[in-house]
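This one's a predicted model, so the numbers in the text were calculated from it and none came from an experiment. Computed over heavy atoms, backbone and side chain alike; hydrogens, waters and symmetry mates excluded. Convention: sequence-line order gives letters A, B, ...; per-chain numbering from 1.
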Amino acid sequence: MADPITIKLPDGSEREYSSGTTLGEIAASIGKGLAKAAIAAKVDGERADLERPIDHDASVAIITADSDEGREVLRHSTAHVMAQAVTDLFPGAKYAIGPAIEDGFYYDFELPDGAHFNEDDLERIEARMREIVQADQPFEREEVERDAGLALFADQPYKVEIIERVEPDDSTEVGEGEVISVYRNPRDGADPFVDLCRGPHVPSTKRLGPFKLMKVAGAYWRGDERRPMLQRIYGTAWDSKAALADHLHRLEEAERRDHRKIGTELDLFSFPDELGAGLAIWHPNGAIVRRVMEDFSRAEHERAGYDFVFSPHIARSTLWETSGHLDFYADGMYPPMELEGATYYPKPMNCPFHILVYRSHLRSYRELPVRLFELGTVYRFERSGVLHGLLRVRGMTQDDSHIFCEPTQIVDVLRELLDFVLFILRAFGFTEFEAEISTRPKEKSIGADADWEMATQALFDAIEGSGLSYEVAEGEGAFYGPKIDIHLRDAIGRRWQLSTLQVDFQEPQRFELEYVGADNERHQPIMIHRALFGSIERFFAILVEHYAGALPSWLAPKQVTVLPVADRHDAYAFRIVDRLNAEGFRAELVDAAADSLGARVRRAKQEKVPYVLVVGDEDADAGSVGVNARGSDKPERGVPVDDFVARLAAEVTERA
RNA sequence: GCCGGGGUAGCUCAGUCGGCAGAGCAGCUCACUCGUAAUGAGCAGGCCAGGGGUUCGAGUCCCCUCCCCGGCUCCA
């Protein structure tokens, strides 16, 4: 008998096994159910296949499919099966890389003669994958020397490149150092399918969960736009049919909420071809929402002590040379206009203008912090492929502010800003926030190390006091300074990056900004760029998706539709509309001339109007209305008009 | 920008092999006057994204441009 080893389990218990016992056997010894559910395991925190034998004392945790780690294993294994299916169906196909990703997996391929996959191919590939699953091919791990690996994948150039690139700290795709691991799927009537992989994998193909191939897309090899574009197939894979169905349902839900679709349905905005890509016009319905958003923003900024400024849409090249934009972001700017011997550029940012406002007279430390605010419209020549409804446009309006302060004030200013951001975002019904601190980029940045360190530290200090959870994005800062971005989660759990607070030591230097300190000497202020909505367009799109178009009453383009039951109720209905409008609500009458009551109710509901009031004989007599609140399927009859007005007023005031 | 897929009435879409441009909804007119998610009848509505080409003939085939969609890359 082999030497005994002691295995520690996640519940703290310890069991003895003989050396050489496999992880699968350990799972089986714990319980029949676990043995059946197990697809991989962790040994001292490292993932491993179930067939791996253990020859030393260790902590072991069994991975089942219904865990995050389990699903990752399932997805990765499913990607292998897809690669096998593709190489079966498309002889000569090269397979590159195929990881598990959120909700699924993908695999990148290069087909012979530059061929492409089409939608029908996905069905064929999926059918072949199901055959492979039925064949119950085992996943067999093997470790080979680097040279043997290179020989094994001699006709797979992308695999060769991966092996050649493996470095000691690169543990993403294959094993470490000189030994690499491969997985084989033996099969009848052909050589085993073999792929380079770190593993672990499910024991055999029959253990895969339900999956579905979703779409085919181009993707650059190694994410580098100078490298060849490969054919990527995306799939989704889950541990149960119910989980797959849930996922597909979530996708449908996201589609249902798509702001581009709702924007057309509710007549909020459009992108006429005549304007050019990424340039929107706001229709009256969308414009009402935007105006309410902007009015709210202005009122709150005024209350928070901001000074309002305005600036033009273009400026001479000298401004952008001083600011550094022409050096760093000329590609993203609309091209110049030559006039009267000068060169003008549409503005991609508002900051240089605000800097000029600051610099318009000598500042005293007593004035600081100076907070300049503008709903400033900027133009950025985004690459055509990135445009996406109102979420990514070429012309947009930022709720932009630049705050100039003394270095000693920076933490306080940032704290105050974080409070302000959260207040504003909460007012729109968002409740879940996360922050991200971005530090100095490795390339393409300006400024002294000491400045960067000081600014970054100030961000950390400010956020510690805010109660926000945060993560650090190394090297993701702007070229002129580090930043905090605020992300939020919407009604279906999607995460959106919105607000940004950016510290900037560079622009004050470039524009030689000064203030006179208490010591009567000149000092350089620090500047903080910040936008809370980010851009009005983007925030509006997120709002539309968050509420699926059913905006809360204070934002809804139309708050009340009043429907007289028959012509003889028109006068009474009109009095109600009149009163609502006089009290500052957005109400409209739809008379009985053309359509039945049912049809008018239906249309008002489709317009997602918060309240549909129906008035008939009983109401005209009693001074009441029939109230249909959005989201409720049972109408309230005989509600006194005063009560309804009070209710709507409270809802709007409270932004409920 | 790159790869793939698209663009036909306001919207959603059909249009076969190259042979008269279609439907539903929306709109307008008329009738209906109705208590809660589609009353009926009728009428209009088109540079088939734009331009060029092939052809006796192009929504359909070819080329270019614009725009949209899904990804990749990018996002000061």
Pair of N/O donor and acceptor under 3.5 Å linking B/C74 base with A/Arg392 side chain: yes
So, under a plain 3.5 Å distance rule, would you say the side chain of A/Tyr106 forms a donor-acceptor pair with the base of B/G71? no
For [X], answer base if it contacts any base atom (sugar-phosphate contacts may also be present), sugar-phosphate if it contacts only those atoms, and nothing otherwise; contact means non-hydrogen atoms under 4.0 Å.
X: A/Arg232; answer: sugar-phosphate
X: A/Asp331; answer: nothing
X: A/Asn118; answer: nothing
X: A/His388; answer: sugar-phosphate
X: A/Asp619; answer: base
X: A/Phe271; answer: nothing

Taking only N and O in the side chain of A/Ser596, is any of them less than 4.0 Å away from OP1 or OP2 of B/C34? no
B/A38 phosphate, OP1 or OP2, under 4.0 Å from A/Arg603 side-chain N/O: no
Determine whether A/Glu545 and A/Lys261 satisfy the following criterion, salt bridge (charged side-chain N to carboxylate O under 4.0 Å, His left out), listing intermediate values before the conclusion. CA-CA 10 Å; A/Glu545 302 214 354; A/Lys261 188 170 173 247; over 6 Å; no
Earlier contact from the 5' end, RNA chain B, for A/Val614 and A/Leu279: A/Val614
Note: for A/Pro348 and A/Leu230 on RNA chain B, the residue whose nearest nucleotide lies more 5' is A/Leu230
